[in-house]
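Here, residue 1 is the first one in the sequence, and each next residue gets the next number. What you see below is based on every heavy atom in this structure, not just the backbone, and it leaves out hydrogens, waters and symmetry mates.
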Amino acid sequence: MRRKLLTVWYALLILFCLELVTYGAVGFMADYYHKLIWERFNAGIKEYREVNSSLPYADFINRASRAEGISGQVVAAVIQAESSFQPRALSRSGAYGLMQVIPSTWRQVNNQIKACTGRHAGDCTSD
């Protein structure tokens, strides 16, 4: 009886180990596939492509995206998705502007990059 239980115990242990190896292999393959898809999806972001001049804010988008080294088409797509090119768009969460930035996030980023440093007349406001 004891020998039979020991045999069953070892069989269950082997099955458990096989299950772990299988789940590990499947997880590895899923992560690898996800990485490939992500890289393919993002491949175009680094290729600079200007937006058509008929698009609202095209000059500004092209100038800023060229300076940051990303595609203007990606920037325009984000603006289209977030605000439909409405500069005074306001979300229920308090995000506003073309790219729907939350004010606290803007203040934090601006403290680091100093984008708004009084280069223009007036205060650095949401306008």
With salt bridge (charged side-chain N to carboxylate O under 4.0 Å, His left out) as the rule and sequence neighbours excluded, what pairs involving residues 53-67 come up?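 Only Glu50-Arg66 qualify under salt bridge (charged side-chain N to carboxylate O under 4.0 Å, His left out).
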Check the hydrophobic clustering (I, L, V, M, F, W, Y; side-chain heavy atoms under 4.5 Å; chains of links allowed) and say if Ile102 and Met99 are grouped together.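 Per the 4.5 Å side-chain linkage, Ile102 and Met99 are not co-clustered.
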For a quick test of reading the model, state the closest non-hydrogen atom pair linking Gly94 to Pro103 and the distance between them.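 So the minimum-distance heavy-atom pair works out to O-CD, 3.4 Å.
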Taking all heavy atoms of Ala76 and all of Leu55, pick out the closest pair and write down the distance. CB-CD2, 3.7 Å
Just verifying a value: how many Å separate [X] [atom1] and [Y] [atom2], rounded to the nearest 0.5 Å?
X: Asp31; Y: Leu36; atom1: CG; atom2: CG; result: 11.0 Å
X: Trp9; Y: Leu12; atom1: CH2; atom2: CG; result: 7.5 Å
X: Ile70; Y: Arg49; atom1: CD1; atom2: CZ; result: 13.0 Å
X: Asn62; Y: Gln73; atom1: CG; atom2: CD; result: 9.0 Å

Given side chains that start at C-beta, do those of [X] and [Y] come closer than 4.5 Å, heavy atoms only?
X: Tyr96; Y: Ser83; value: no
X: Ser65; Y: Glu68; value: no
X: Gln80; Y: Ser84; value: yes

For [Y], is there any backbone N or O sitting under 3.5 Å from a side-chain donor or acceptor partner on [X]?
X: Gln100; Y: Ala89; answer: yes
X: Thr22; Y: Leu18; answer: yes
X: Asn110; Y: Trp106; answer: no

Around atom CZ of Phe60, are there more than 12 heavy atoms of other residues, nucleotides or ligands at under 6.0 Å?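 Open: at most 12 neighbouring heavy atoms sit under 6.0 Å from CZ of Phe60.
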Could you check Tyr57 against Val51 for side chain to side chain contact (heavy atoms under 4.5 Å, CB included), going step by step and ending with a plain yes or no? CA-CA 9 Å; Tyr57 308 104; Val51 295; over 6 Å; no
